Visitor: 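Quick one: structure below, then a few questions.
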Amino acid sequence: MDDGLGRLAELPRTFLAHTPTPIEHLPNLSAQLAGASLYVKRDDCTGLAFGGNKARQLEFYLGEALSQNADTILISGAVQSNFVRSAAAAAARLGLACHIQLEERVPDADALYRSSGNVLLNHLLGATLHSYSKGEDEFGADQRLRDIAADLTKDGRRPYVIPLAPGHPPLGAVGYVVAAREILAQLDTTNYSIDGMVVASGSGHTHAGLLFGLRAMGASVPVLGVCVRRGASAQLDRVRAHCDELAVLLGLQSPVKEADIQVTDDHFAPGYGQLNATTKTAISLAAQYEALLLDPVYTGKAFAGTLQLARSLDDKQALLFIHTGGTPGIFAYGSTLLEEKDQ
Ligand SMILES: *Cc1c(COP(=O)(O)O)cnc(C)c1O
């Protein structure tokens, strides 16, 4: 049967995430918002070592690694990256070694940032840690990782590198094509009708995969990406490129039109991994009205964008916020989150 998703079923995959994750209504916050009824897709509950969106993405990276008979995974990310922690977890579960390269991406980081949250988990999960002094040099970081991989090969290991820079098959985005199919099936059975979705847009794989999957299956619901890594115009280019790469990978014509790619960088400043006032407020509101815990790097900013969109609507619309996880970051940012004065 043609599900509209091309070669998806032929890609190597290894199951890591607890799915389907729930979709829940947020009644208390919705009551505060004249224009919107809020729902949340609980991808913080994907289960793999504190969950999050990377469990879905890694199903395809690790699937490929296993199909190549790799015995060691290599990955780069920010010091508090959820991707590297999830990769360390997936590797542990599959009996593979994991080498993590942590980039210095966040200025003025304190001791908690360097030792708690995801860093603590990386140690517990048994990963080998390396550091990379630059935070804005994705190609340099990938090259260093390939150098480490080359050394491992000399030692008789079989490394598999998960790249950071763009220009590779978007295997992570495929995980969110699958998530789009899951969401549409859930909306079908629950009779929730959703007028818009909001998601954090970092590497852009989650955003692109979700958007591509929805359009490929004929759903025209708008998807707003909230920039957490770079400004809006650069992010637009990234997401467009990932959609084009997905089309190639799946052997489809891209169903995504230029106007489908929506991004806002209203909640990005002062930069990656740095808190701002709207994000801090969004984190407090979600926690205090709904016991929904959001992180300062990704989901706090995405939820600030959700609240802003909700407040801009005149008629009552239903918005689905994609909770992409990141909760261990709360502990690493503890001192900043508790500061009295907003930055
Ligand atoms: C990585 C991450 C994102 C961004 O996902 P991309 O696919 O890189 O855009 C969002 N939220 C959390 C918690 C993440 O760890």
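Both ligands and their constituent atoms are indexed starting at 1 by order of listing. Here the structure is a predicted model, which means the values were calculated and not measured.
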Visitor: Out of curiosity, is Gln57 lining ligand 1, as in a heavy atom under 4.0 Å away?
Guide: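 It does; at least one heavy atom falls under 4.0 Å.
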
Visitor: I'd like to check Leu224 versus Thr306 (side-chain heavy atoms, cut-off strictly below 4.5 Å). Are they in contact?
Guide: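 No; the side chains remain at least 4.5 Å from each other.
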
Visitor: CD1/Ile330 to CZ/Phe50 distance, rounded to the nearest 0.5 angstrom?
Guide: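 If I round to the nearest 0.5 Å, the distance is 10.0 Å.
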
Visitor: Name the closest protein heavy atom to atom 6 (P) of ligand 1, giving the residue it belongs to and the distance to 0.1 Å.
Guide: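 Here the closest protein heavy atom is Ser203 OG, 3.3 Å.
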
Visitor: Looking only at protein heavy atoms, which one is nearest to atom 11 (N) of ligand 1, and what is the separation?
Guide: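 Here the nearest protein heavy atom works out to Thr324 OG1, 2.6 Å.
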
Visitor: Report yes if Asn82 has an N/O atom closer than 3.5 Å to an N/O atom of ligand 1; otherwise report no.
Guide: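 Yes - when backbone and side-chain N and O of Asn82 are compared with those of ligand 1, one distance drops under 3.5 Å.
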
Visitor: Hey, is Asn53 touching ligand 1 through its side chain, its backbone, both or neither, going by heavy atoms under 4.0 Å?
Guide: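 Asn53 to ligand 1: side-chain contact only, backbone stays beyond 4.0 Å.
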
Visitor: Please test Asp147 against Gln143 for side-chain hydrogen bond (donor to acceptor under 3.5 Å, both in side chains), starting from the C-alpha separation and ending with a verdict.
Guide: CA-CA 6 Å; Asp147 294 342; Gln143 185 53 51; 3.1 Å; yes

Visitor: Please list the nearest protein heavy atom to atom 2 (C) of ligand 1 with its residue and the distance rounded to 0.1 Å.
Guide: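 Looking only at protein heavy atoms, the one closest to atom 2 (C) of ligand 1 is Lys54 NZ, 2.4 Å.
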
Visitor: Evaluate Asp295 for polar contact with ligand 1, using N/O atom pairs at a separation under 3.5 Å.
Guide: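 No, since none of the N or O atoms of Asp295 sits under 3.5 Å from an N or O of ligand 1.
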
Visitor: Has Gly172 got any heavy atom lying under 4.0 angstrom from an atom of ligand 1?
Guide: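 Heavy atoms of Gly172 never come under 4.0 Å of ligand 1.
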
Visitor: Taking only non-hydrogen atoms of Gly204, do any sit less than 4.0 angstrom from ligand 1?
Guide: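 True for this residue.
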
